[in-house]
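Heavy-atom basis, side chains included; hydrogens, waters and symmetry copies ignored. Just so we're on the same page: letters track the sequence lines, and every chain starts at 1.
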Amino acid sequence: MSDPRRAAFYARPVLEVAPDLLGCTLRHGRTGGRIVETEAYHEDEPACHAHIGLTPRTRTLIGPPGVAYVYRSYGIHALLNVVTDHDGVGAAVLIRALEPLEGIETMRSRRGGVRDRDLCSGPGKLTQALGLWLELNGSPLEGGPIAIEPPPPGASPPVIVTGGRIGITKAAELPWRYCDAGSTGVSRPWPAAMRAAR
DNA sequence: CATGGGATTGACT
DNA sequence: GTCAATCCCATGC
(Lines give C-alpha, C1' and ligand atoms only; values in the text may rest on other atoms or scores of the structure.)
Protein backbone atom coordinates (compact mmCIF):
# COMPACT_ATOMS: atom_id res chain seq x y z
CA MET A 1 0.00 0.00 0.00
CA SER A 2 2.05 2.86 -1.23
CA ASP A 3 -0.45 4.84 -3.27
CA PRO A 4 -1.75 7.87 -1.36
CA ARG A 5 -4.66 8.18 -3.78
CA ARG A 6 -6.23 5.13 -2.16
CA ALA A 7 -8.13 5.65 1.08
CA ALA A 8 -6.48 2.60 2.65
CA PHE A 9 -3.12 4.40 2.48
CA TYR A 10 -4.13 6.63 5.38
CA ALA A 11 -6.05 4.01 7.39
CA ARG A 12 -2.78 2.64 8.79
CA PRO A 13 -0.61 3.31 11.85
CA VAL A 14 0.87 6.79 11.68
CA LEU A 15 4.43 5.43 11.96
CA GLU A 16 3.90 3.64 8.65
CA VAL A 17 2.27 6.54 6.84
CA ALA A 18 4.81 9.19 7.88
CA PRO A 19 7.84 7.70 6.07
CA ASP A 20 5.70 6.59 3.11
CA LEU A 21 4.75 10.20 2.40
CA LEU A 22 8.38 11.15 1.72
CA GLY A 23 8.87 11.56 -2.02
CA CYS A 24 5.15 11.99 -2.71
CA THR A 25 3.82 15.15 -4.35
CA LEU A 26 1.63 17.56 -2.38
CA ARG A 27 -0.50 19.87 -4.49
CA HIS A 28 -2.89 22.74 -3.91
CA GLY A 29 -4.17 24.60 -6.94
CA ARG A 30 -1.32 25.20 -9.34
CA THR A 31 1.36 24.93 -6.67
CA GLY A 32 3.00 21.76 -5.44
CA GLY A 33 6.15 20.11 -4.23
CA ARG A 34 7.91 16.92 -3.23
CA ILE A 35 7.44 16.01 0.44
CA VAL A 36 10.89 15.80 2.03
CA GLU A 37 10.13 15.99 5.79
CA THR A 38 7.32 14.68 8.00
CA GLU A 39 6.61 14.07 11.68
CA ALA A 40 4.24 11.58 13.31
CA TYR A 41 1.86 12.41 16.18
CA HIS A 42 -0.30 9.96 18.12
CA GLU A 43 -2.83 10.44 20.91
CA ASP A 44 -0.92 8.11 23.23
CA GLU A 45 1.95 10.59 23.57
CA PRO A 46 1.63 14.06 25.15
CA ALA A 47 2.93 16.16 22.25
CA CYS A 48 -0.15 15.24 20.21
CA HIS A 49 -3.12 17.60 20.39
CA ALA A 50 -5.44 14.59 20.63
CA HIS A 51 -3.72 13.46 23.84
CA ILE A 52 -6.32 15.40 25.84
CA GLY A 53 -9.22 13.66 24.13
CA LEU A 54 -12.13 14.83 22.00
CA THR A 55 -12.60 18.61 21.94
CA PRO A 56 -13.74 21.00 19.19
CA ARG A 57 -10.12 21.42 18.20
CA THR A 58 -9.29 17.71 17.99
CA ARG A 59 -12.46 16.60 16.21
CA THR A 60 -10.78 16.43 12.79
CA LEU A 61 -7.66 14.80 14.17
CA ILE A 62 -9.62 12.02 15.87
CA GLY A 63 -12.06 11.56 13.00
CA PRO A 64 -11.74 9.45 9.84
CA PRO A 65 -8.36 9.21 8.06
CA GLY A 66 -7.51 10.69 4.68
CA VAL A 67 -8.41 14.29 5.47
CA ALA A 68 -6.38 17.42 6.25
CA TYR A 69 -6.00 18.66 9.82
CA VAL A 70 -5.02 22.32 9.63
CA TYR A 71 -4.58 24.43 12.75
CA ARG A 72 -3.13 27.76 13.77
CA SER A 73 0.24 27.78 15.45
CA TYR A 74 1.60 30.64 17.55
CA GLY A 75 -1.32 32.76 16.45
CA ILE A 76 0.29 33.27 13.06
CA HIS A 77 0.96 30.18 11.00
CA ALA A 78 -1.24 27.42 9.58
CA LEU A 79 0.23 23.92 9.89
CA LEU A 80 -0.87 21.01 7.68
CA ASN A 81 -1.29 17.43 8.87
CA VAL A 82 -2.81 14.39 7.21
CA VAL A 83 -5.06 12.32 9.47
CA THR A 84 -4.21 8.63 9.70
CA ASP A 85 -5.30 5.47 11.54
CA HIS A 86 -8.94 4.59 12.18
CA ASP A 87 -11.90 6.81 12.95
CA GLY A 88 -11.77 7.39 16.69
CA VAL A 89 -7.96 7.30 16.97
CA GLY A 90 -6.15 10.64 17.08
CA ALA A 91 -3.10 10.29 14.85
CA ALA A 92 -1.67 12.46 12.09
CA VAL A 93 1.42 13.25 10.04
CA LEU A 94 2.70 16.83 10.11
CA ILE A 95 4.05 17.90 6.70
CA ARG A 96 7.19 19.86 7.62
CA ALA A 97 8.91 20.61 4.32
CA LEU A 98 8.63 20.39 0.54
CA GLU A 99 10.93 20.80 -2.38
CA PRO A 100 9.11 23.22 -4.70
CA LEU A 101 8.08 21.67 -8.04
CA GLU A 102 5.18 23.57 -9.57
CA GLY A 103 3.94 27.14 -9.42
CA ILE A 104 7.27 28.50 -8.23
CA GLU A 105 6.38 32.04 -9.33
CA THR A 106 3.18 31.92 -7.31
CA MET A 107 5.09 30.67 -4.29
CA ARG A 108 7.64 33.45 -4.61
CA SER A 109 4.94 36.08 -4.64
CA ARG A 110 3.23 34.55 -1.60
CA ARG A 111 6.49 34.20 0.33
CA GLY A 112 7.83 37.68 -0.26
CA GLY A 113 11.31 37.42 -1.68
CA VAL A 114 12.97 34.62 0.28
CA ARG A 115 15.49 32.35 -1.41
CA ASP A 116 13.89 29.61 -3.52
CA ARG A 117 15.27 26.91 -1.24
CA ASP A 118 13.36 28.49 1.65
CA LEU A 119 10.00 28.70 -0.10
CA CYS A 120 8.76 25.51 1.62
CA SER A 121 11.55 24.59 4.08
CA GLY A 122 9.31 24.61 7.16
CA PRO A 123 5.74 23.69 8.15
CA GLY A 124 4.50 27.28 8.30
CA LYS A 125 6.38 28.26 5.16
CA LEU A 126 4.89 25.56 2.97
CA THR A 127 1.29 26.36 3.92
CA GLN A 128 1.94 29.99 3.02
CA ALA A 129 3.63 29.03 -0.27
CA LEU A 130 0.76 26.71 -1.27
CA GLY A 131 -1.97 29.05 -0.07
CA LEU A 132 -3.29 26.59 2.52
CA TRP A 133 -5.39 28.13 5.27
CA LEU A 134 -7.54 27.10 8.19
CA GLU A 135 -10.71 26.74 6.11
CA LEU A 136 -9.17 23.61 4.59
CA ASN A 137 -9.34 21.83 7.95
CA GLY A 138 -11.28 18.62 7.32
CA SER A 139 -10.83 18.65 3.53
CA PRO A 140 -10.52 15.19 1.96
CA LEU A 141 -7.18 14.38 0.35
CA GLU A 142 -8.97 12.61 -2.50
CA GLY A 143 -11.31 14.66 -4.66
CA GLY A 144 -10.76 17.84 -2.63
CA PRO A 145 -8.68 20.98 -3.07
CA ILE A 146 -5.57 19.33 -1.62
CA ALA A 147 -4.03 16.33 -3.39
CA ILE A 148 -1.23 13.93 -2.52
CA GLU A 149 0.14 11.78 -5.33
CA PRO A 150 2.75 9.03 -5.61
CA PRO A 151 6.30 10.00 -6.63
CA PRO A 152 6.51 10.72 -10.37
CA PRO A 153 8.03 7.99 -12.59
CA GLY A 154 11.79 8.16 -12.58
CA ALA A 155 12.05 10.18 -9.38
CA SER A 156 14.88 9.09 -7.14
CA PRO A 157 13.54 7.39 -4.02
CA PRO A 158 13.96 9.25 -0.72
CA VAL A 159 16.92 8.41 1.52
CA ILE A 160 15.05 8.20 4.81
CA VAL A 161 16.70 9.29 8.06
CA THR A 162 14.93 9.71 11.40
CA GLY A 163 15.42 12.00 14.37
CA GLY A 164 13.62 13.62 17.30
CA ARG A 165 10.71 15.92 16.58
CA ILE A 166 11.23 19.67 16.37
CA GLY A 167 9.85 22.53 18.42
CA ILE A 168 8.07 20.52 21.11
CA THR A 169 8.71 20.17 24.83
CA LYS A 170 6.98 16.86 25.48
CA ALA A 171 8.06 13.43 24.17
CA ALA A 172 10.76 15.11 22.05
CA GLU A 173 12.93 12.02 22.42
CA LEU A 174 10.71 9.89 20.19
CA PRO A 175 12.44 9.45 16.79
CA TRP A 176 9.28 10.28 14.89
CA ARG A 177 10.73 12.83 12.49
CA TYR A 178 11.40 11.54 8.97
CA CYS A 179 13.64 13.38 6.50
CA ASP A 180 14.87 12.77 2.98
CA ALA A 181 18.64 13.04 3.38
CA GLY A 182 18.98 13.52 -0.37
CA SER A 183 17.13 16.85 -0.23
CA THR A 184 18.32 20.33 0.63
CA GLY A 185 14.76 21.38 1.39
CA VAL A 186 14.62 19.90 4.89
CA SER A 187 14.03 22.42 7.71
CA ARG A 188 16.72 23.22 10.29
CA PRO A 189 18.10 21.80 12.41
CA TRP A 190 18.93 18.73 10.37
CA PRO A 191 18.97 15.45 12.28
CA ALA A 192 22.43 14.14 13.16
CA ALA A 193 22.04 11.17 10.83
CA MET A 194 21.39 13.52 7.95
CA ARG A 195 24.42 15.71 8.64
CA ALA A 196 26.53 12.56 8.71
CA ALA A 197 25.09 11.36 5.40
CA ARG A 198 26.02 14.55 3.55
C1' DC B 1 -14.86 35.23 32.16
C1' DA B 2 -9.45 35.66 32.48
C1' DT B 3 -5.38 33.64 31.67
C1' DG B 4 -1.48 31.05 29.61
C1' DG B 5 0.76 28.42 26.27
C1' DG B 6 2.23 26.77 21.90
C1' DA B 7 3.90 20.98 16.25
C1' DT B 8 6.95 28.82 14.06
C1' DT B 9 9.08 32.36 11.67
C1' DG B 10 11.83 36.40 10.63
C1' DA B 11 14.27 40.25 12.28
C1' DC B 12 17.80 41.71 14.97
C1' DT B 13 22.35 41.64 18.18
C1' DG C 1 22.47 33.42 19.59
C1' DT C 2 17.75 36.03 21.42
C1' DC C 3 13.03 37.63 21.02
C1' DA C 4 8.41 39.36 19.76
C1' DA C 5 4.26 38.73 16.98
C1' DT C 6 -0.58 36.93 17.52
C1' DC C 7 -4.83 34.08 18.36
C1' DC C 8 -7.34 29.86 19.25
C1' DC C 9 -8.56 27.12 22.69
C1' DA C 10 -8.08 24.51 27.06
C1' DT C 11 -8.14 25.25 31.71
C1' DG C 12 -9.28 27.22 36.09
C1' DC C 13 -11.70 30.37 39.06
For DNA chain C, the dot-bracket pattern of Watson-Crick and G-U pairs whose distances stay under 3.5 Å, | for other-strand partners = |||||.||||||.

Just the atom pairs and distances: protein N or O near nucleotides 10-13 of chain B's N or O, under 3.5 Å.
{"residue": "B:dG10", "atom": "OP1", "partner": "A:R111", "partner atom": "NH1", "Å": "2.8"}
{"residue": "B:dG10", "atom": "OP1", "partner": "A:R111", "partner atom": "NH2", "Å": "3.3"}

Relative to A:F9, does A:R12 satisfy both conditions: NZ or CZ under 6.0 angstrom from the six-membered ring centre, and within 45 degrees of the ring's axis?
->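 Yes.
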
Between [Y] and [X], is there a side-chain donor-acceptor contact under 3.5 Å, judged purely by atom types and distance?
| X | Y | value |
| --- | --- | --- |
| A:E102 | A:T31 | no |
| A:D20 | A:S2 | no |
| A:E149 | A:T25 | no |

Tell me, please, which residues at least two apart from A:A47 pass side-chain contact (heavy atoms from CB on, under 4.5 Å).
->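 A:A47 satisfies side-chain contact (heavy atoms from CB on, under 4.5 Å) with A:Y41, A:E45, A:R165, A:I168 only.
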
Going by salt bridge (charged side-chain N to carboxylate O under 4.0 Å, His left out), name the residues that satisfy it together with [X], two or more places apart in sequence or in a different chain.
| X | answer |
| --- | --- |
| A:R34 | A:D180 |
| A:E105 | A:R108 |
| A:R115 | A:D118 |
| A:E142 | none |

Nearest atoms (heavy-atom pairs only) where [X] meets [Y]:
| X | Y | answer |
| --- | --- | --- |
| A:P150 | A:P4 | N-CG, 3.8 Å |
| A:S187 | A:E37 | N-OE1, 2.7 Å |
| A:V83 | A:T60 | CG2-O, 3.6 Å |

Using the rule that two of Ile, Leu, Val, Met, Phe, Trp, Tyr join whenever any of their side-chain heavy atoms come within less than 4.5 Å, decide whether A:I160 and A:I35 are in one cluster.
->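 A:I160 and A:I35: one cluster.
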
Over how many whole Å does the gap from A:R117 atom CZ to B:dT9 atom P extend?
->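 Spelled out: CZ on A:R117 to P on B:dT9 is 16 Å.
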
Would you kindly give the NE2-to-C1' distance between A:H51 and B:dG6, to the nearest whole Å?
->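 The distance from NE2 of A:H51 to C1' of B:dG6 comes to 16 Å, rounded to the nearest Å.
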
Polar atom pairs between nucleotides 1-6 of chain C and protein, under 3.5 Å, N or O only, would you list them?
{"residue": "C:dT6", "atom": "O2", "partner": "A:Y74", "partner atom": "O", "Å": "2.2"}

Which other residues belong to the hydrophobic cluster containing A:I76, where Ile, Leu, Val, Met, Phe, Trp and Tyr are joined when side-chain heavy atoms lie under 4.5 Å apart, directly or via other members?
->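 For A:I76, no cluster forms, as it stays isolated from other hydrophobic side chains.
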
Apart from A:V186 itself, which Ile, Leu, Val, Met, Phe, Trp or Tyr residues share its cluster (side-chain heavy atoms under 4.5 Å, direct or through members)?
->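 Grouped by the 4.5 Å side-chain rule, A:V36, A:V161, A:W190, A:M194 form the rest of the cluster around A:V186.
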
Which of residues 160-176 of chain A have a heavy atom under 4.0 Å from DNA chain B?
->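 Those residues whose heavy atoms fall under 4.0 Å from DNA chain B, taken from residues 160-176 of chain A in numerical order, are A:I166, A:G167, A:I168.
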
With B for base contact, S for sugar-phosphate-only contact and - for none (protein heavy atoms under 4.0 Å), nucleotides 8-13 of chain C reads -SSS--

